[in-house]
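Worksheet for the structure shown next.
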Amino acid sequence: MPAAPFAVNQIVHRSNPRVEKDLEVCAARRVPIIITSLGAREDINEAVHKWGGITFHDVIDDRFARKAVEKGADGIIAVAAGAGGHAGLLSPFALMQEIRQWFEGPLALSGAIARGGAILAAQAMGADLAYIGSAFIATDEAHASEAYKHAIVGGRAADIVYSSYFTGVHGNYLRSSILESGLDPDHLPDGDPMAMDFGNAKIRAWRDIWGAGQGIGGIEKVEPAPSRISKFLEQYAQRRNRLRF
């Protein structure tokens, strides 16, 4: 059955012991899009290109965007303030403005996008794609726990905690999951960026500490993905019509 292109997200930081094996699996299946993060690597871009795939690289500022393109990335994912998981602190307006001054290639914007109007806004800022995460975690099809899905539905922007404690790299996480793990979200120490954990800690990021973006206040319920997409389309059309002067 025909399907849309799919992508695999790879953390390519040198401390990740799985990256080479994971890439072998991706090569065997000729994954069309590889999303890389935490380190722009020319060798990985070349490997993906050999099997006919393309790479998009997560960046949190213009310097990292330039480095990614110099090392052979085909597209950029601008991870602005408010994005779930590993995220930066720059306004999407500033980040998009700086990257689009020199980069004409595929550009996605990530950060608190949870409704159709935000997709339209991303396009208005120069993005080719809106990169949406949290809204699709809270869908029937997602393999997240029901507790995680309902925590997203019940959360607001104020419930997102920005910390480097869990992986060594700053990211946004749900306050409720931090509390549930017995930690104080208001007094978390800084993490060590050279000591990233990939599954050995008692309390693990992503499994126990749930990533989420600041846009969760716009997610009203857990529902099938097609229903959420239909709402995005409807909201997008409504906002676009309001802009016709």
Side-chain angles (χ1 to χ4, degrees), residues 4-12 32-40 45 54-139 142 152 155 157 160 162 169-173 211-219 225 228-229 231-240 242-243:
F6 62 97
V8 171
N9 198 337
Q10 291 287 312
I11 294 177
V12 298
I33 304 170
I34 297 292
I35 298 165
T36 58
S37 60
L38 301 184
N45 291 327
I54 62 173
T55 60
F56 276 67
H57 190 66
D58 281 0
V59 304
I60 60 171
D61 61 30
D62 184 65
R63 180 173 68 89
F64 285 130
R66 291 176 184 271
K67 183 181 292 187
V69 173
E70 287 170 3
K71 291 184 179 287
D74 301 287
I76 293 172
I77 300 169
V79 186
H86 294 142
L89 288 173
L90 291 179
S91 159
F93 294 99
L95 186 54
M96 291 296 298
Q97 175 178 266
E98 292 186 359
I99 294 173
R100 270 301 185 221
Q101 285 176 341
W102 59 271
F103 183 64
E104 298 292 334
L107 179 56
L109 176 62
S110 171
I113 300 174
R115 296 180 72 83
I119 297 172
L120 181 62
Q123 288 183 306
M125 282 188 278
D128 299 298
L129 303 163
Y131 196 72
I132 303 170
S134 301
F136 287 107
I137 295 174
T139 59
I152 287 177
I160 302 301
Y162 190 68
V169 180
H170 275 95
N172 284 313
Y173 305 96
Q214 292 177 357
I216 58 174
I219 303 169
R228 178 136 297 152
I229 293 168
K231 287 182 179 177
F232 284 161
L233 291 170
E234 181 180 352
Q235 294 160 356
Y236 181 97
Q238 289 174 347
R239 289 298 174 186
R240 185 180 58 186
R242 287 180 62 125
L243 291 175

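Distance alone, capped at 3.5 Å, places no donor-acceptor pair between the Asn172 side chain and the Gly213 backbone. Side chain of Asn45 to main chain of Lys71: a donor-acceptor pair is present (N/O by atom type, distance under 3.5 Å, no hydrogens or angles). Remark: side-chain polar atoms of Tyr162 are paired, donor with acceptor, to backbone N or O of Ala87 under 3.5 angstrom.
Between Asp62 and Trp102, the closest side-chain pair of non-hydrogen atoms falls below 4.5 Å. In this structure the side chain of Arg228 reaches within 4.5 angstrom of the side chain of Ile219, judged on heavy atoms. The shortest distance between side-chain heavy atoms of Ser37 and His86 does not fall below 4.5 Å. Ile60 has its side chain out of reach of Leu90: every pair of non-hydrogen atoms, C-beta onward, lies at least 4.5 Å apart.
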Working for side-chain contact (heavy atoms from CB on, under 4.5 Å), residues Tyr131 and Ile35:
CA-CA 12 Å; Tyr131 196 72; Ile35 298 165; 3.3 Å; yes
Starting from the C-alpha separation in whole Å, work towards a yes-or-no answer on side-chain contact (heavy atoms from CB on, under 4.5 Å) for Met96 and Leu107.
CA-CA 9 Å; Met96 291 296 298; Leu107 179 56; 3.4 Å; yes
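Nearest approach of Ser134 to Ile152, heavy atoms of both residues: O-CD1, 3.9 Å. Closest approach of Gln214 and Ile160 over heavy atoms only: CA-CG1, 4.0 Å. The two residues Phe56 and Ile54 make their nearest non-hydrogen contact at CE1-CD1, 3.7 Å. Closest non-hydrogen pair, Ala65 versus Ile76, comes out as CB-CD1, 3.7 Å. Leu109 and Ala80 make their closest contact through CD1-CB, 4.2 Å (heavy atoms, listed as atom of the first residue, atom of the second, distance). Considering every non-hydrogen atom in both Gly215 and Ala114, the closest pair reads O-CB, 3.3 Å.
Around atom CZ of Arg239, no more than 12 heavy atoms belonging to other residues, nucleotides or ligands sit under 6.0 Å away.
With sequence neighbours excluded, no residue forms a salt bridge (Lys or Arg N to Asp or Glu O under 4.0 Å) with Asp74. Qualifying ring-ring contact (aromatic ring centres under 6.0 Å, His included) partners for Phe93, counting only residues two or more places apart in sequence or in other chains: none. Applying the salt bridge (Lys or Arg N to Asp or Glu O under 4.0 Å) criterion to Lys231, with sequence neighbours excluded, gives Glu223.
Within the model, atoms OG1 of Thr55 and CD1 of Ile77 stand 10.0 Å from one another, a figure rounded to the nearest 0.5 Å. In this structure, CD in Glu104 is found 9.5 Å from CG in Asp128, a value given to the nearest 0.5 Å. Note: Ser91 OG to Met125 CE = 7.5 Å, rounded to the nearest 0.5 Å.
Ring geometry, Phe136 versus Phe232: the interplanar angle exceeds 60°, so the pair is classed perpendicular (tilted spans 30 to 60°).
Electrostatic pairing of Lys67 and Asp61 does not count as a salt bridge here, judged by no charged N lying under 4.0 Å from a carboxylate O.
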